[in-house]
Amino acid sequence: MAIALVSVIISFLLDGLLSNYFNFSLINPSLFKTIYTIIALVVILPYFNNDKKYLYILFGTAILFDIVYTNTFILNIVLFFLIYILNKFLDFFMPHNLLNSNIRSILSVTLYYILTFIILNIVKYNEYSLSLLLNIITHSIIMTIIYTTILYLLTKYLYGKFNIKQIR
Amino acid sequence: MLNTKRKKIPVKYIVIIIIVIIMIFFGIFSYTLKEDRKLNAVESLIKDAIVGVQKVVYAPFNYVFNLFSDFQELEKIKEENDILKTSIDRNSAIETENIELRRQIEALKEELNIDYVLTDYEYLNATVVSRNIGYWYNTLTIDKGSHNGIETDMVVVNSTGLIGKVVSTTNFTSEVRLITTSDTNNKISVSITNGENKLNGLINGYDYENKTLEVEGISNTEEVAIGDKVYTSGLGGVFPSGILIGTVESINTDEYDLAKIINVKPSADFDDINYVSILKRKSDQ
């Protein structure tokens, strides 16, 4: 639990930190930008046999994401929960290993971008074109893979030190 | 014997419930995203606390980053220093000119019945804590809030021009919405300076493909040239007049050939905003 919590906190802070150093405009997305918090939530998922505890972390993080980063209400709670459902669905045919964790992270980050794109377009917050969405998704893939790999290996090593094995 | 068999809910009711839930969520999203919802006391407290932690955690990274960028700047400093040395001699002349200009502004304000001009504002500097997470929101979080006298709708600029306006504040942080967001409720009124002429228009939106702001509302008969400067006009009450927005990059006409659609290249680089200034009216102190 502590390792998972630390992973999520560090990733949450990384989201804010790296936004200050890399391009953040829609037309010029940086190759170093992804949603680090979502990746952390995906990577720590197999270490929880009690989904209730995991959901506490997920909802807590989503509330903070809403308040601190996007200035929204409930939006990230809904999105993070949908990402959790996606990962629970993937559990049926995708065991947790390095490759699958990378695929899960890419799918989760992509789902986050697609859902925010749809919601913001529907509520007319701003009108964004599909090419912008594709641009962002393709640019986020490299960093998603790098960060997932680092976090996966690191959490596996740390959990191994405390003799905690993956549940799924 | 008790009948333990659970009653099955018909599929149509489940579909209706799901649709209602989705509609409620969209209603909430629409309201909170478009109306610049004010954070409640608990949310403000949480945001202040986390931004405080962020500032401490980011400090060493910012220090190293600034060290590298300062080192890169060193090359330019010698050249800039020589230019500054020559301009120092002109300082006393500029000061005298300033006093005269201030006197003229006051006289014109009285004559034209204008309440505030750009010289009536003071600049409050702030550091950007985080920028546009998730790309879509076009916002910045800065490290100054209501405790520092910041209020919603205050104008945010940097050394190159207009950035946006404050949309929400907590005690120690503020959320700035960039002018690259199409805010249909508060379109920015601009004036294009073409020699002696001043033409007024409205910023209609931001073209992400060309990275330009679209200005509409200028008759096709008016003369506008590429390279003309675009400033805030002061109409509308939010943005004071005279803040540089950018330069005219291209000019098109609307489908009826009646009005011009002017693409303006913003003077501010929205990819690289680390420090900003908030315009605060001197009389508000």
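Sequence lines set the chain letters: A, B, ... in the order given, protein chains first and strands last, and positions in each chain run from 1.
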* Asked: What do you reckon, is CZ of Phe93(A) surrounded by more than 12 foreign heavy atoms closer than 6.0 Å?
  -> yes
* **Any residue meeting side chain to side chain contact (heavy atoms under 4.5 Å, CB included) with Val68(A), in chain and number order, not counting sequence neighbours** =>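 Expected list: Phe12(A), Ile50(B), Gln54(B).
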* Kindly state each residue pair satisfying salt bridge (charged side-chain N to carboxylate O under 4.0 Å, His left out) with at least one member in residues 134-148 of chain A, sequence neighbours excluded. => none
* Structure fact -> CD1 of Ile122(A) to CZ of Phe26(B), rounded to nearest 0.5 Å, is 4.0 Å
* Any side-chain heavy-atom pair from Val78(A) and Phe29(B) closer than 4.5 angstrom? ->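 Answer yes - side chains close enough.
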* Check the pair Glu43(B) / Asp66(A) against side chain to side chain contact (heavy atoms under 4.5 Å, CB included), numbers first and verdict last. => CA-CA 10 Å; Glu43(B) 287 174 320; Asp66(A) 267 324; over 6 Å; no
* **Part of Phe61(B) lying under 4.5 Å from any heavy atom of chain A** =>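 Interface part for Phe61(B): both.
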* Heavy atoms only, distances under 4.5 angstrom: which of Val109(A), Leu133(A), Asp15(A), Leu75(A) has the most pairs with chain B? Name it, please. => Leu75(A)
* **Donor + acceptor pair across side chains of Ser168(B), Asn71(A) (<3.5 Å)** =>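 Per modelled atom types, Ser168(B) and Asn71(A) side chains form a pair under 3.5 Å.
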* So, does Tyr69(A) use its side chain to make a donor-acceptor pair with the main chain of Thr141(B) at under 3.5 Å? ->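 Not at all, since once roles are kept as given, no pair shorter than 3.5 Å links the two residues.
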* Sole candidate of Leu13(A), Leu17(A), Ile9(A) that passes side-chain contact (heavy atoms from CB on, under 4.5 Å) when paired with Val57(B) -> Leu13(A)
